[in-house]
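A, B, ... follow the sequence lines: proteins, then strands. Residue 1 opens every chain.
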Amino acid sequence: MPAEARAPTDLLNGPQREAVLHHEGPLIVFAGAGSGKTRVITHRIAELVQGYRVPPYEVLAVTFTNKAAGEMKSRLERMLGPELTRDLWVGTFHAVCARLLRRYGEAAGIAPNFTIYDATDQRALMTRVGRELGLEERRFPPQQLLARVLREKQEARGPESFEGDNYFDEVAKRAYVLYDKQLRAANAVDFEDLLLKVLAIAESETPEGEHLRGRFRQILVDEFQDVNTVQYRLVGALAPHRNVCAVGDDDQAIYRWRGADVRKIRGFVRDFPGARLVKLEQNYRSSGHIVAAALGVIGRSSERQPKELWTAEPAGEPVSVVATRDERDEAAWVVTRLRAELDAGTDAGHIAIFYRVHAQSRVLEEAMRAENLPYQIIGGHRFFDRAEVKDLIAYLRLVANPKSDVDLLRIINVPSRKIGQKTVERLGEVARERGLSMYEALGPVCREDLVPTAAKKALGAFSELMDGLMRAAPTDTPHALAERVLADSGYEAALKSEDTAEADGRLENLREVLSSLADYEEEQNAAGEDATLEGYLARITLQSDADQIVDAPRVPMMTVHAAKGLEFDAVFLCGMEDRLFPLRSDDPNRRCDVEEERRLCYVALTRARHRLYVLHTAMRLIYGQTRYNAPSPFLGDLPRKVVREVLTDAHKDAVTAFAAGRSPYATAQHGGDDDEVGPSRLGGGFGARAGAGSFGRGSAARRSPSFSPRRVSEPPRAPGERYLEAEPDDGSSPTVRVGARVSHPHFGLGVVQKVDTGPDPIATVKFVGQTPKRIKLSFLSSA
DNA sequence: ATCCGAATATTTTTT
DNA sequence: ATATTCGGAT
């Protein structure tokens, strides 16, 4: 990779290089996109170990993904050799904490065989909590309770310090207490606990705390802008010596919704007195045009640290902004251009397709498949989320930690063992009454005839199965144990007897789990470590989307979030439309952080090395609805001189059809029988899109309002202000209610399903023979 | 207890 | 549009 050779630390200027390699004490590096920040960290580590003789096991490097950790390790291996590298602590906050918790967890009341509950498990647990509290599921959806509780946990606030100002919070507080209690009873932790427990130990005046605080002499943290409160405190607690090197870029902070706080970067200077600040502002990755485009978008951001990214690279190709008709037209354009890229010799693995939400991936995937183009979808419904895979994992987790009721509940009757809902409920009751886990309650329930005979027999069989597996666990390798589970539980047999294509697929997936277990064992052995069941389970639970990217000649397709930290020769960024990117929910209560969306856009643009294609559609079918979105306001922030505009034929057709007074988008049977809603009114809507392609030249501002920085129809907003204001229905909007019959000049008669109020009210309307469509109220007349 | 079809919610982004 | 949950019938 030429980039590798271009930007090592020896290209840094004197003082920067000096600080990065030799500064003692706190150091913060503001590393602009593509400025080689990972390289900074690896070189500093190498210098610490080799130059300063810091023992590698006293160096902790925190990365954002496991994949980044792996890459960092392999780079270090080349610099330091395998022995030294093996002893370094390199990993994500979560992975590192999981490891520490196995060792120090007893001090926080966690047995070393603890289970990590993923989002699904957390939701399952919260659902049970809600039921136990007798909460109505409609009023208190477990998902929302969980979100509320996790928000508290991300801020390191326990239930006692819950700042409730409404009834929902009151309830959430009670849910929090019980949720945590159940986790403890199950000897399980959620993602937040993993960090919180370690933090609690590290901040405690115990021998373990003492030990933990002295454990790492040097700590390096990558992607510091996305560190949340707990992680920040954790760094502080683990580094009483203040030897912390934080590397980040506030322009790339995209996880505020997850509790990350950009201001932590500023707090660093306060909390780590004497911190040395280094700025890396040269981008070694992207062409001049691409850097200029990205700067156009981020330059409009407020509240950023002063810095000026620049590049010495040639301007290169202009950025293509492509106007398409709909999502299929968009996908078709991508696929065609992609083919040309491949024909020109670009490696498929060096081209990426980005989108804002996973829901956009399907159409693109279909287009890729239809054209026989190699691709891999990153994230979405992940492999380990498949039902059969989760079942097998649940067996393994229950074997490792019999107290985990969530896992028991998942597999107690899978495959069917004639254990019904009633029986399971009874088992749960007994367990609760006696303070036992459900697994522990199996014995008493059977012995004391607390369930009917048939149920007793079934429970007994299940109990025996699990006991057998648990006896085998200490001597079996994880792989052998998994095979035993599949055989003894009858799971494999049940699938085989189904003898359908679907069952075959499931078996195939299970075999894949087995091979991933084998891989794990092999890897651990190679590293001279034990291959433990707990280790494997933690690893798969803590895997991130980005971790799945394999280095193969296939085009990776992913959300922009997953693209963080990656780079590609060519990038296709799809769905650059208002309301999709920046993403705004239909729900007026949900606010949208436009500034964060802007940074996200910046991240997307800066992934591209040489060629960047940005696409938007005039209409889009998403979530079962057709939406007519204006081009993203971010497009208006691209400097005109770096952009090449492209209009697909379909988009042009749509525009011409519109100009002729026919609906560009309605299906054939609809004529142009305009009534009082004439083309001139439509002009305000579709017309804006029709001109979407025109950058530059005098008339653009008039014909293409969506490309000017501010739209005439929307007042200027203060930075950080809520994007979508929920306004009380003051009667100024047309009186259209749910259920009202309305007509649209092109779609005909319809019934209003939903009305979103606001400055520009939008109704969801079901027209005869159409999928529900979202239409601005101004386009509708009552019928 | 299980199966099937209908109703119902859910859709940002993720360790 | 899709996934999951629920209710009623078998």
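Centre separation under 5.5 Å together with a plane angle under 30° holds for the ring of W257(A) and the six-membered base ring of dT13(B), marking them as stacked.
Across the P atoms, dT13(B) and dT4(C) are found 15 Å apart, a figure rounded to whole Å. Rounded to whole Å, the separation between the P atoms of dC6(C) and dT11(B) comes to 16 Å.
Distance, Q143(A) CD to dT10(B) C1': 9 Å, rounded to whole Å. Rounded to whole Å, atom P of dA1(C) lies 11 Å from atom CD of E327(A). Per the geometry, CG belonging to D118(A) stands 12 Å off C1' belonging to dT14(B), to the nearest Å. If you take OH of Y602(A) and P of dT13(B), they are 24 Å apart, rounded to a whole angstrom. Atom-to-atom, CG of L566(A) to C1' of dT14(B) comes out at 15 Å; the value is rounded to the nearest Å. Rounded to an integer number of Å, the gap from CZ of R579(A) to P of dT11(B) is 18 Å. Atom CD in Q225(A) sits about 15 Å away from atom C1' in dT13(B), given to the nearest Å. Atom-to-atom, CZ of R258(A) to P of dT13(B) comes out at 13 Å; the value is rounded to the nearest Å.
Comparing R356(A) and L150(A) by the nucleotide of DNA chain B whose heavy atom lies nearest to each, the residue mapping closer to the 5' end is R356(A). Place Q144(A) and A562(A) on DNA chain B by their nearest nucleotides, and Q144(A) ends up nearer the 5' end.
Within 4.0 Å (heavy atoms only), Y255(A) reaches sugar-phosphate atoms of the nucleic acid but no base atom.
Formation of a donor-acceptor pair under 3.5 Å by the R304(A) side chain with backbone atoms of D251(A) is not found in this model.
The minimum heavy-atom distance linking L635(A) with M576(A) is given by the pair CD1-O, 3.7 Å.
Of the side-chain N and O atoms in T559(A), none sit less than 4.0 angstrom from OP1 or OP2 of dT12(B). The side chain of H358(A) contributes an N or O atom lying less than 4.0 Å from OP1 or OP2 of dT14(B).
Taking the side chain as every heavy atom from C-beta outward, V603(A) and F354(A) never approach each other to under 4.5 Å.
Remark: D391(A) pairs with R410(A), I411(A), V414(A), Y491(A) by the side-chain contact (heavy atoms from CB on, under 4.5 Å) rule, at least two apart or across chains.
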CA sep, side-chain torsions, deciding dist, call: R426(A), E429(A), salt bridge (charged side-chain N to carboxylate O under 4.0 Å, His left out)
CA-CA 5 Å; R426(A) 191 81 195 95; E429(A) 275 168 34; 2.7 Å; yes

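Ring to ring, Y255(A) and F64(A) are close: their centroids are under 6.0 angstrom apart.
With rounding to the nearest 0.5 Å, the separation of CG in D226(A) from CG in D250(A) is 10.5 Å.
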Please tabulate the protein-to-nucleotide N/O contacts below 3.5 Å involving nucleotides 1-6 of chain B, giving atom names and distances.
residue: dA1(B); atom: OP1; partner: G420(A); partner atom: N; Å: 2.9
residue: dT2(B); atom: OP1; partner: S416(A); partner atom: OG; Å: 2.4
residue: dT2(B); atom: OP2; partner: N413(A); partner atom: ND2; Å: 3.4

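For V357(A), taking side-chain heavy atoms from C-beta onward, the closest of the listed nucleotides dT2(C), dT15(B), dT13(B) is dT13(B). Comparing dT2(C), dT14(B), dT12(B) by their closest approach to the side chain of R362(A) singles out dT2(C).
Open room surrounds CZ on R328(A); 12 or fewer heavy atoms of other groups in view lie less than 6.0 Å from it.
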